[in-house]
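Here's the structure we're looking at; comments come further down.
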Amino acid sequence: MKENEKLNMQMSERNALLEPLQKLNLMDDFLFDVTTVNLEACQIIIELSLNIRIKKIRWKEGQKVVHNLPGRRGIRMDFYVEDTEGRIFDVEMQKRNRGNIPKRTRYYQGLLDAPLLKSGEEGFDNLKPTYIVVICGFDQYKKGKYRYTFCNLCKEVSGLELGDECTKIILNTKGKNDDEVEPALVDFLHYVENSDREEMSENCDERLLRLHAIVKKIKTSEQMGVSYMKMEERDRQIREDGKKEGIEAGREEGERNKILSLIQKKLDKGQTIEEIADALEEAPAVIKGLMKELEEK
């Protein structure tokens with residue numbers, strides 16, 4: 001009897017730990033960040049987003065952070081990879097409409113290109129084809145499209161492209177033009193908002209099934225459950241501290257700034273997210289969340 005009670009208690013504790021994690025969708029920062037640590041997941045997301053096939057991808061040198069001139073804003077990408085053909089892909093998740101998508105992609109394009117050329121290098125041949133993909137939980141352009149694809153075109157000559165090889169794709173989970181796009185894209189974007197097997201069509205793309213297997217493994221991981229609860233507790237504590245006045249609130253803010261400063265120094269030394277997470281004894285997803293704060297400073 002006691003063994004059954006002990007087992008029930010363990011099951012109850014595990015369920016309490018995993019329940020918040022299992023409610024997350026890929027649209028949520030934590031789950032998207034943790035999922036896209038996996039290169040296969042990144043490749044699947046790119047293929048389904050752009051309706052292409054890729055042989056293999058690798059992390060782009062520098063991975064997620066591109067620094068600007070001192071005192072100027074850098075960028076921190078959700079994930080940043082290169083395929084065997086030399087194409088560069090930057091993929092971002094945007095849950096809420098903050099009205100900054102078009103100019104954000106413009107800014108990202110400039111900083112993505114900057115490290116590709118060395119000082120004194122003649123010509124621009126080493127600027128590689130670049131795709132900036134933003135997955136939105138809203139319709140940026142109110143036209144009902146699942147996918148909006150942009151490249152620079154000539155106004156005077158219909159169909160004439162500039163040829164700068166930079167393509168920007170804005171995806172919309174609220175699209176309505178199912179008959180104009182591939183079913184795999186529709187299924188994928190619906191899955192982004194509702195990341196459960198029940199949300200997939202019976203004949204969904206096998207790549208989406210593989211992506212779901214990766215997500216499911218994360219959602220049933222007690223280690224990830226602990227990391228998510230720690231992050232939520234930290235955010236809750238920060239919100240509470242933000243409401244307080246005086247020395248205590250200032251002290252808490254000072255400690256947080258020290259952590260952010262430490263992360264920045266390690267990034268400047270070229271350390272990866274995983275190395276920083278290991279040094280600070282935190283989950284990579286937690287470090288990614290703190291890096292977003294650095295970007296906004």
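Computed from a predicted model, the values in this text were never measured in an experiment.
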Measure from the side-chain N and O atoms of [X] to the backbone N and O of [Y], and report whether any donor-acceptor pair falls under 3.5 Å.
X: R147; Y: S49; value: yes
X: N25; Y: V192; value: no
X: K128; Y: E82; value: no
X: D187; Y: Y191; value: no
X: D83; Y: R87; value: yes
X: D90; Y: I132; value: no
X: N177; Y: Y146; value: yes

Same apolar cluster: [X] and [Y], side chain cutoff 4.5 Å:
X: V37; Y: V215; answer: no
X: L112; Y: F124; answer: yes
X: V181; Y: L50; answer: yes

Next item on the list: Mind checking the CD1-CD1 spacing from I169 to I135? Nearest 0.5 Å is all I need.
Entry: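 Reported value, rounded in 0.5 Å steps: 10.5 Å.
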Any [X] side-chain heavy atom under 4.5 Å of [Y] side chain:
X: T149; Y: T167; result: yes
X: I46; Y: V91; result: yes
X: D164; Y: Q109; result: yes
X: N38; Y: F79; result: no
X: F30; Y: L21; result: yes
X: Q140; Y: F138; result: yes
X: H212; Y: C204; result: no

Margin query: Over 60° means perpendicular and under 30° means parallel, so tell me whether Y131 and F89 are parallel, tilted or perpendicular.
Written below: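 Answer is parallel, since the angle falls under 30°.
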Check: Should I45 and F188 be marked as a side-chain contact (heavy atoms from CB on, under 4.5 Å) after you check the CA-CA gap, both sets of side-chain angles, and the distance that decides it?
Finding: CA-CA 8 Å; I45 289 170; F188 166 63; 3.9 Å; yes
Margin query: Using a strict threshold of under 4.0 Å (side-chain N to carboxylate O), is an ion pair present between K95 and D28?
Written below: yes
